[in-house]
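Notes to accompany the following structure.
In each ligand, atom 1 is the first atom listed, and ligand 1 is the first ligand listed. Reckoned from all heavy atoms, side chains included, excluding hydrogens, waters and symmetry mates.
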Amino acid sequence: MGRCSLEGQNFKLQDTSFISRKPSQHPSWIEIDLPQLRRNISIVRSFIGNKLYCLPVKANAYGHGLLEVALEAQRAKVDYLAVAHLKEAAKLREAGIVIPILVLGAIHEDQIESLIRWNVEFTISSRYKAELTEKICAQKGIKARVHLEVDTGMQRTGVRAATAPDLFQFLKASPHFDLVGIYSHMVFSDTPDHEFSSEQIKIFNKLLQNPLLKEARLVRHMANSGAILNYPSAHFDMVRPSFLTLGYAPKSQNIDGLAPCFSLKAKVSYCKTVEAGSGISYGHTFRTHKQTKIITIPVGYGDGYRRALSNQGYVLIKGRRYPIVGTICMDQFMVDVGSDQVHVGEEVVLIGKQGDQEISLQELATLCKTIPYEMLCQFNDRIPRIYKDEPTL
Ligand SMILES: *Cc1c(COP(=O)(O)O)cnc(C)c1O
């Protein structure tokens with residue numbers, strides 16, 4: 001097997017044969033439109049100018065596929081990837097991803113050596129974590145590439161701005177740290193002109209003006225998707241937009257050319273005509289008013305398709321909308337198609353476009369009383385991901 005070297009370590013040369021491109025035998029699938037993903041990446045680029053582009057691909061790239069999205073990002077010259085956990089970073093390196101990776105989540109003592117061996121940058125969010133890291137680096141004779149996280153109001157992880165200069169000095173003075181960056185995270189980035197956002201940006205800026213930090217060459221970063229659009233003053237040296245890259249504008253703003261690259265599809269598994277007054281599915285929560293055709297879709301809450309959509313959601317068949325009837329089961333649910341002709345095996349769109357109709361992620365999220373982010377993360381790996389690309393000539 002071919003190998004490439006990254007700072008003395010050996011990694012598998014990229015073998016992309018694991019990427020599924022063929023139609024699925026399984027009767028449901030998530031389709032990822034790679035050309036659209038690439039268009040989104042270049043649109044984000046046009047918003048951020050010469051800033052570094054860091055793409056967080058945590059949580060299986062919001063359900064889109066960790067490795068597939070990372071490889072596409074690397075090919076599209078995205079500068080950095082970010083993940084929440086060591087496990088995700090290790091998977092990326094194992095697959096041959098060579099661009100910088102930053103672990104955003106708080107790290108644990110037993111992970112430090114692996115983080116460094118995988119050549120992954122990670123977050124120092126407290127003095128305690130810094131001392132643990134230093135101790136392990138000293139024992140092993142290794143050096144950590146780290147970003148200092150500053151809490152400007154999220155109260156999640158990160159040192160307070162007031163104690164950041166101290167920790168900065170500690171990291172700078174130690175031979176075991178390469179301090180690469182400093183960052184924070186915004187609370188209200190989706191809301192334009194929010195007072196608290198200005199407050200967070202102000203706190204971060206003030207810290208960066210501290211004479212100690214001012215001279216340091218650090219990658220300063222703060223902006224996620226919302227802040228790319230709403231807070232240009234939070235762009236600093238690097239931005240971290242995932243949601244936007246995947247084609248979703250916060251608050252469903254319309255951005256020319258930007259579009260989701262994710263759709264959920266299935267094949268009709270069963271059709272029958274039922275009489276008026278027939279109860280449908282568990283508990284008979286729906287009853288037919290007239291003779292009608294009921295079809296079965298082989299997707300359920302066991303795939304991550306939410307039970308909250310029972311008697312609420314819609315699907316698209318031949319470019320028309322049909323209502324979900326009855327409760328959603330673990331592996332299937334039913335749809336009322338009236339007197340229309342629908343055949344077993346016919347393609348159904350659960351999320352995405354068909355003809356000029358669309359079932360948007362936002363629509364389903366609203367019905368489920370949640371946010372599109374959670375909707376994307378809920379689909380598990382029983383549903384295969386299929387990657388559609390332009391045919392190569
Ligand atoms: C997940 C995450 C992001 C990406 O957020 P989007 O809203 O999807 O752009 C950015 N920064 C941090 C710290 C994150 O955890």
(message) For atom 7 (O) of ligand 1, what is the closest protein heavy atom, and at what distance to 0.1 Å?
(response) Y373 OH, 2.6 Å

(request) Mind telling me whether F196 and F188 have parallel, tilted or perpendicular rings, with 30° and 60° as the class edges? (result) perpendicular

(message) Quick test of your reading of the structure: of R240, K58, E149, whose heavy atom lies closest to atom 2 (C) of ligand 1?
(response) K58

(message) Please verify the inter-ring angle class for F204 with F236; under 30° counts as parallel, over 60° as perpendicular, anything in between as tilted.
(response) perpendicular

(message) With heavy-atom distances below 4.0 Å as the criterion, list the atoms of ligand 1 near Y62.
(response) 1 (C), 4 (C), 5 (O), 6 (P), 8 (O)

(message) Does only the side chain of H185 get under 4.0 Å from ligand 1, or the backbone, or both, or neither? Count heavy atoms.
(response) side chain

(request) Assign the ring pair H64 / F262 to parallel, tilted or perpendicular, where the plane angle (0 to 90°) is split at 30° and 60°. (result) tilted

Throw together a table of side-chain donor-acceptor distances under 3.5 angstrom for residues 313-320, partners on residues two or more places apart or in other chains.
from: K318; atom 1: NZ; to: Q341; atom 2: O; distance (Å): 2.5
from: K318; atom 1: NZ; to: E346; atom 2: OE2; distance (Å): 3.0
from: R320; atom 1: NH1; to: D340; atom 2: OD2; distance (Å): 2.9

(message) Out of S225, A227, A84, P250, who is nearest to atom 6 (P) of ligand 1 when you count heavy atoms only?
(response) S225

(request) May I ask you to check if ligand 1 and Y183 share an N or O to N or O distance below 3.5 Å? (result) no

(request) Please work out whether the ring planes of Y80 and H147 are parallel, tilted or perpendicular, with thresholds of 30° and 60°. (result) perpendicular

(request) State the atoms of ligand 1, each with its element, that fall below the 4.0 Å cut-off from a heavy-atom position in P241. (result) 9 (O)

(request) Using a strict 4.0 Å cut-off to heavy atoms of F243, name the atoms of ligand 1 that fall inside it. (result) 6 (P), 8 (O), 9 (O)

(message) Just checking Y128: does its OH atom have more than 12 heavy atoms from other residues, nucleotides or ligands closer to it than 6.0 angstrom?
(response) no

